[in-house]
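Working notes, structure below.
FYI, side chains are in, hydrogens and waters are out, and symmetry mates aren't considered; it's all heavy atoms of this structure. This structure is a prediction, so every number in the text was calculated from the model and none was measured.
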There are 2 protein chains.
Amino acid sequence: MATIKEVAKRTGMSPTTVSRVINNHPYVDDKKRKIVLEAMDELGYVPNSSARRLRGQKTNTIAVIISRIVNPFFSHLVDAMEMIAGERGYQLILCDSRLDKERELRHLELLKAKQVDGVILASLQNDWETIKPFTKYGPIVMCNEYDRRAEVPMVRCNQLEGGYIGTRHLIDKGHTKIAYAGGADRIELTRDRWHGFQKAMEESGLTIPQEWTFPSFYGIEDGKNIFHRIYAMQDGPTAIFAGGDEVAAGIIKEAKRFHCRVPDDLAVVGYDDQPLASLIDPGITTIHQPMQLMGTRAMEIMVDMIKNQRNVTFREDILPLELVIRQST
Amino acid sequence: MATIKEVAKRTGMSPTTVSRVINNHPYVDDKKRKIVLEAMDELGYVPNSSARRLRGQKTNTIAVIISRIVNPFFSHLVDAMEMIAGERGYQLILCDSRLDKERELRHLELLKAKQVDGVILASLQNDWETIKPFTKYGPIVMCNEYDRRAEVPMVRCNQLEGGYIGTRHLIDKGHTKIAYAGGADRIELTRDRWHGFQKAMEESGLTIPQEWTFPSFYGIEDGKNIFHRIYAMQDGPTAIFAGGDEVAAGIIKEAKRFHCRVPDDLAVVGYDDQPLASLIDPGITTIHQPMQLMGTRAMEIMVDMIKNQRNVTFREDILPLELVIRQST
DNA sequence: CTGAAAGCGCTTACAG
DNA sequence: CTGAAAGCGCTTACAG
């Protein structure tokens, strides 16, 4: 393919001048500018991205780490991010950790190799201590996930509140035997949500049997399994707070199959407010997360950080969470 | 950050030797190799990706163009692609055309700028004539989409058959008044599907009123709109072949809201077999597309093409399509 | 307004 | 087995 040298030779000008034209510098004679532009056009010249990267020490590329793109929560997040990145002149590299610590770390290496200008962490498998060393190689922004020890910008929701309002709603509906499938991992997000659940339960003097908590469940199939475990119980829960709408949908689907009535026999609260939640029957009562807003905000902060080069300042954007009541409760 | 020079200086060796160690070349003294590896470790050295790209004239990056990541069909496709790309040492750039011709073209420019080694086209907004010039800048693989004039590898399904078996099924169920919402664009995929529909209809001597065809509809909201247009008709269709499960879900959702029984008053056939199809009630009878297989196959072909450098040979992989019968028909 | 020169950080013939 | 040199294709001081 044509290089800047060839354009220079063809026009009888120096590579410097051609470069100035490419980059829209002022102080280039208008006639020469036109001649160069024509030559570029004729040769089908496009500046080589690798050379620009090396020379300019930036890549105009941002990596976003998620755990599973087929989860609508993430695909909506990524959709918003891709939109903003495009508008601001950045490319987006999709990194799926698939809930694997090693993969997550390997993706963070992109920062070290200067393969991206920044990383948005929308999924978190490793401890903050493990992530921290990467911050010196470039900006990291957390989106959805968070960790109190992290001194990077975080765009997230108040998960404690989310856990609380969902549970509160079930209690208000008269339930006292409530199961929880939100996860209770090392991760702060799930821990907070769990604390919100606990808080609501304790306020009402309700107990939480160990067998009614289901950590680390994510997909539709997981939801089906949970239903079966509950269904097999003597004197089991009458309601369940699920960690995501997919899990909730799986529970509901299977409940119907076994003629267990939702919400009469088992009430279900989901999380996210994915399109799915209003499509299935009964509609899922759920905690609405502002996915688009989170994605947009996180990407905007990332781009600003890259462009301003100014040192990463810690900040927290806490976005509102909302209970959406449908027919599953 | 540390460069190869600094590693060389620290070890007293030449950059050449360090480079050999990095790239696992044979013919490096074992002791020296160890010393270099230690120094790299101490300095936290990681080879600069931009320099490698420029020097090696490759990027180890592949772009995938889709039209909407929040469509589960595409997120499943991308999921499979990301997996294979990762295994083979490639990064994936997510390019959303958002059904916009200009955006699609801008994404194809990545190939010209040598910003990616290849492009997988899983969405097609432009005519082949417009795409064709890009093929001389690097490998292009079509996935899902296709065009008879294109001389690039294509991994796809027989959409004519898909249109046919879905329609045939409705006819077998006794329907004679069948609407079509599969799109009927310039794009070969939708045109073939439409021809399959026509073929089945003609075989049974059925006519297709103009007002019963709905081109260019994609999402859940579109499905709802279609339902309303049908619902408002005097003597309207008793069945509809929708272009995707999201459209089908929208139709069904709204039908239920207006007490129009599915399938008794209106039978619905979807397309894709997204998870959604089996979750909603009634379950969507649909045409199963092997999304994972398509994504995997397309990415494998792409990587092979890049690695072998051998000239793109035209080939077509036609994957099976299958009718999945549920309760919506 | 314009150009010669240096350099971004690698890798690969080439010579030894 | 090892190193000096060239070069991938740009852009940016610097000098004019």
Side-chain angles (χ1 to χ4, degrees), chain A residues 1-37 39-40 43-61 109-117 137-138 309, chain B residues 1-37 39-40 43-61 109-117 137-138 309:
Chain A
M1 306 299 102
T3 70
I4 203 171
K5 257 190 195 165
E6 297 175 54
V7 178
K9 186 174 294 175
R10 191 185 180 97
T11 57
M13 281 168 243
S14 72
T16 309
T17 300
V18 177
S19 174
R20 288 204 180 91
V21 172
I22 294 167
N23 295 288
N24 262 309
H25 275 265
Y27 304 131
V28 178
D29 183 271
D30 264 354
K31 272 168 229 137
K32 296 201 175 176
R33 184 186 296 277
K34 212 152 92 184
I35 294 172
V36 170
L37 286 171
M40 279 170 42
L43 291 169
Y45 170 78
V46 176
N48 180 297
S49 140
S50 304
R52 286 184 135 180
R53 285 180 181 232
L54 178 58
R55 177 58 231 238
Q57 302 284 53
K58 53 189 170 50
T59 65
N60 292 314
T61 305
E109 293 279 336
L110 292 173
L111 213 47
K112 272 197 192 174
K114 298 255 165 264
Q115 199 157 158
V116 298
D117 293 335
Y137 297 103
Q309 303 279 28
Chain B
M1 305 297 101
T3 69
I4 204 171
K5 257 190 193 164
E6 298 175 54
V7 178
K9 186 174 293 173
R10 190 185 180 96
T11 58
M13 281 167 243
S14 72
T16 310
T17 299
V18 177
S19 173
R20 288 203 181 94
V21 172
I22 294 168
N23 295 288
N24 263 309
H25 275 265
Y27 304 131
V28 178
D29 184 272
D30 265 352
K31 273 169 228 138
K32 297 201 176 178
R33 184 186 297 275
K34 214 152 92 184
I35 294 173
V36 170
L37 286 171
M40 280 170 42
L43 291 169
Y45 171 78
V46 176
N48 180 296
S49 138
S50 304
R52 288 185 134 179
R53 285 180 181 231
L54 177 57
R55 177 57 231 239
Q57 302 285 53
K58 54 190 169 50
T59 65
N60 293 315
T61 305
E109 293 279 336
L110 292 173
L111 213 47
K112 272 198 193 175
K114 299 256 165 261
Q115 199 159 156
V116 298
D117 294 334
Y137 297 102
Q309 303 280 29

>> Would you say that R33(B) contacts D30(B) through its side chain, given a criterion of any heavy-atom pair below 4.5 Å between the two side chains?
In response: yes

>> Output the rounded distance in Å from CG (N23(B)) to C1' (dA13(C)).
In response: 15 Å

> Atom CG of N24(A) and atom P of dT11(D): how far apart are they, to the nearest Å?
Replying inline: 12 Å

>> Distance check, rounded to the nearest 0.5 Å: R20(A) atom CZ versus K32(A) atom NZ?
In response: 11.0 Å

>> Tell me which residues in residues 50-57 of chain B lie within less than 4.0 Å of DNA chain C, going by non-hydrogen atoms.
In response: A51(B), R52(B), R55(B)

> I22(B) has an atom CD1; how far is it from atom P of dC10(C), in whole Å?
Replying inline: 6 Å

> To the nearest angstrom, how far is Y27(B) atom OH from dT11(C) atom P?
Replying inline: 20 Å

> What nucleotide among dT12(D), dG9(C), dG9(D) has an atom nearest to a side-chain atom of H25(A)?
Replying inline: dT12(D)

>> Just the rounded figure in Å: distance from P of dG9(D) to CD of Q115(B).
In response: 16 Å

>> Let's go through V28(A) and V36(A) carefully: what are the C-alpha distance in whole Å and the side-chain angles of both, what is the deciding distance for side chain to side chain contact (heavy atoms under 4.5 Å, CB included) to 0.1 Å, and is it a yes or a no?
In response: CA-CA 11 Å; V28(A) 178; V36(A) 170; over 6 Å; no

> Given atom NZ of K114(B) and atom C1' of dG9(D), what is their separation to the nearest angstrom?
Replying inline: 13 Å

> Which whole-number value in Å describes the distance from K32(A) NZ to dC1(C) C1'?
Replying inline: 8 Å

> What closest approach, in Å, do P15(B) and A8(B) show between heavy atoms, and which atom pair accounts for it?
Replying inline: N-CB, 3.7 Å

> Going by modelled atom types, is there a donor-acceptor pair between the base of dA4(C) and the side chain of T16(A) at under 3.5 Å?
Replying inline: yes

>> Please enumerate all residues that pass side-chain hydrogen bond (donor to acceptor under 3.5 Å, both in side chains) together with R52(B), with sequence neighbours excluded.
In response: N23(B)

> Tell me, which stems hold DNA chain C, with a stem being 3 or more Watson-Crick or G-U pairs in a row and both distances under 3.5 Å?
Replying inline: C:1-3 with D:14-16, C:5-12 with D:5-12, C:14-16 with D:1-3

> Listed by chain and number, what are the side-chain hydrogen bond (donor to acceptor under 3.5 Å, both in side chains) partners of S50(B), not counting sequence neighbours?
Replying inline: none

> Say you pick atom C1' in dT12(D) and the same atom in dG16(D); how far apart are they, in whole Å?
Replying inline: 16 Å

> side chain to side chain contact (heavy atoms under 4.5 Å, CB included) between I35(A) and M13(A): does it pass, once the steps are laid out?
Replying inline: CA-CA 10 Å; I35(A) 294 172; M13(A) 281 168 243; 4.0 Å; yes

> Of all heavy-atom pairs between G138(B) and L111(B), which one has the smallest distance, and what is that distance?
Replying inline: O-CD2, 3.8 Å

> When you measure from the side chain of D29(B), which nucleotide among dG3(C), dG9(D), dT2(D) comes out closest?
Replying inline: dT2(D)

> When you check the phosphate oxygens OP1 and OP2 of dG3(C), does a side-chain N or O of T17(A) lie under 4.0 Å from one of them?
Replying inline: yes

> Expressed in angstrom and rounded to an integer, what is the separation of I4(B) atom CD1 from dA5(D) atom P?
Replying inline: 17 Å

> Rounded to the nearest 0.5 Å, how far does CD1 of I4(B) lie from CD1 of I22(B)?
Replying inline: 4.0 Å

> side chain to side chain contact (heavy atoms under 4.5 Å, CB included) between L54(B) and R55(A): does it pass, once the steps are laid out?
Replying inline: CA-CA 10 Å; L54(B) 177 57; R55(A) 177 58 231 238; over 6 Å; no

> Counting side-chain heavy atoms from CB outward, which of dG9(D), dT2(D), dG3(C) is closest to V28(B)?
Replying inline: dT2(D)

Would you tabulate the pairs of protein nitrogen or oxygen atoms and nucleotide nitrogen or oxygen atoms of nucleotides 14-16 of chain D closer than 3.5 angstrom?
none

> salt bridge (charged side-chain N to carboxylate O under 4.0 Å, His left out): which pairs involve residues 1-17 of chain A, sequence neighbours left out?
Replying inline: R10(A)-E42(A)

> More 5' along DNA chain D: Y45(A) or M13(B), using each one's nearest nucleotide?
Replying inline: M13(B)

> How about Q115(A) and N60(B): do any of their side-chain heavy atoms sit closer than 4.5 Å?
Replying inline: no

